[in-house]
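Below you'll find the structure, written out as structure tokens, and then a few comments.
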Amino acid sequence: MRVLFVCLGNICRSPTAEGVLRHQLEAAGLGDVVHVASAGTGDWHVGKAPDSRTCKAALARGYDLSRQRAQQVKAAHFAEYDLVLAMDKSNLGNLQALRPHNATGELDLFLRRYGAALDEVPDPYYGGAEGFEQVLDLIEAACRELVVEIKGRL
Ligand code: 4NP
């Protein structure tokens with residue numbers, strides 16, 4: 001199974017989700033059977049490591065994001081991934097426009113699918129440190145639900 005997380009810049013929210021899900025899958029013994037990646041709808045940060053504030057907040061909770069590099073999402077990703085999960089409604093709209101009509105990969109809004117109190121992961125880029133903690137809190141909880149779904153699908 002293959003899962004792709006998508007945000008705007010691919011340097012804050014979706015790299016965090018990639019690192020958290022990979023960590024949770026490894027803890028569940030599923031690290032080798034699920035491929036996890038992330039991408040951005042924008043291209044400004046392609047080739048860059050995640051934002052230093054994102055890396056610092058994630059590392060404090062045991063997630064090492066330092067080897068990740070940003071990429072821009074493309075139509076071909078919908079053939080490569082079974083599940084494409086958008087971090088907010090704006091990204092979801094852009095992904096719906098990009099998704100080929102015959103695509104088999106599923107597209108959904110990450111938090112709405114996994115029953116969180118919020119249905120979008122707020123963009124932390126222009127805010128303070130607490131925004132990065134909120135991103136981690138929301139993503140950790142939703143990824144736990146995603147792991148349950150993945151176990152049911154395997
Ligand atoms: P992300 O956050 O979508 O969670 O990676 C952002 C990163 C960069 C920008 C916006 C959001 N930016 O405008 O460069």
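First listed ligand is number 1; within each ligand, the first listed atom is number 1.
Those atoms of ligand 1 with a heavy atom of Leu8 less than 4.0 angstrom away are 3 (O), 10 (C), 11 (C). Residue Cys12 has at least one heavy-atom neighbour below 4.0 Å for each of these atoms of ligand 1: 1 (P), 2 (O), 4 (O), 5 (O).
Val84 and Phe110 end up in different hydrophobic clusters when Ile, Leu, Val, Met, Phe, Trp and Tyr side chains are linked at under 4.5 Å. Note on Val20: it clusters hydrophobically with Leu138, by side-chain heavy-atom contacts below 4.5 Å among ILVMFWY residues.
Residues Val73 and Asn91 form no side-chain contact, since every pair of their non-hydrogen atoms from C-beta on lies 4.5 Å or further apart. Between His77 and Arg2 the shortest side-chain heavy-atom distance does not fall below 4.5 Å. At least one side-chain heavy atom of Arg22 sits less than 4.5 Å from a side-chain heavy atom of Glu26.
Nearest to atom 7 (C) of ligand 1 by heavy-atom distance, out of Phe132, Tyr125, Phe5, is Tyr125.
In terms of polar-atom proximity, defined here as any N/O pair under 3.5 Å, Cys7 makes no such contact with ligand 1. Residue Arg13 has at least one N or O atom closer than 3.5 Å to an N or O atom of ligand 1. Residue-to-ligand polar distances keep Pro124 apart from ligand 1: every N/O pair is separated by 3.5 Å or more. In terms of polar-atom proximity, Ser14 is not counted as a contact of ligand 1, lacking any N or O under 3.5 Å from an N or O of the ligand.
Nearest protein heavy-atom neighbour of atom 11 (C) of ligand 1: Asp123 OD2, 3.1 Å. For atom 14 (O) of ligand 1, the closest heavy atom belonging to the protein is His45 NE2, 2.8 Å. The single protein non-hydrogen atom nearest to atom 13 (O) of ligand 1 is Tyr126 OH, 3.4 Å, given as residue, atom name and distance.
Residue-level proximity to ligand 1 for Asp51 is absent, since no heavy atom of it falls below 4.0 angstrom. Proximity of Met87 to ligand 1, defined as any heavy-atom pair under 4.0 Å, is not found for any part of the residue.
Within 6.0 Å of CZ in Arg67 there are 12 or fewer heavy atoms belonging to other residues, nucleotides or ligands.
Looking at every heavy atom in both residues, Pro124 comes nearest to Val135 through CG-CG2, 3.9 Å.
For the pair Arg13 and Tyr125, the cation-pi criterion (under 6.0 Å, within 45° of the ring axis) is not fulfilled.
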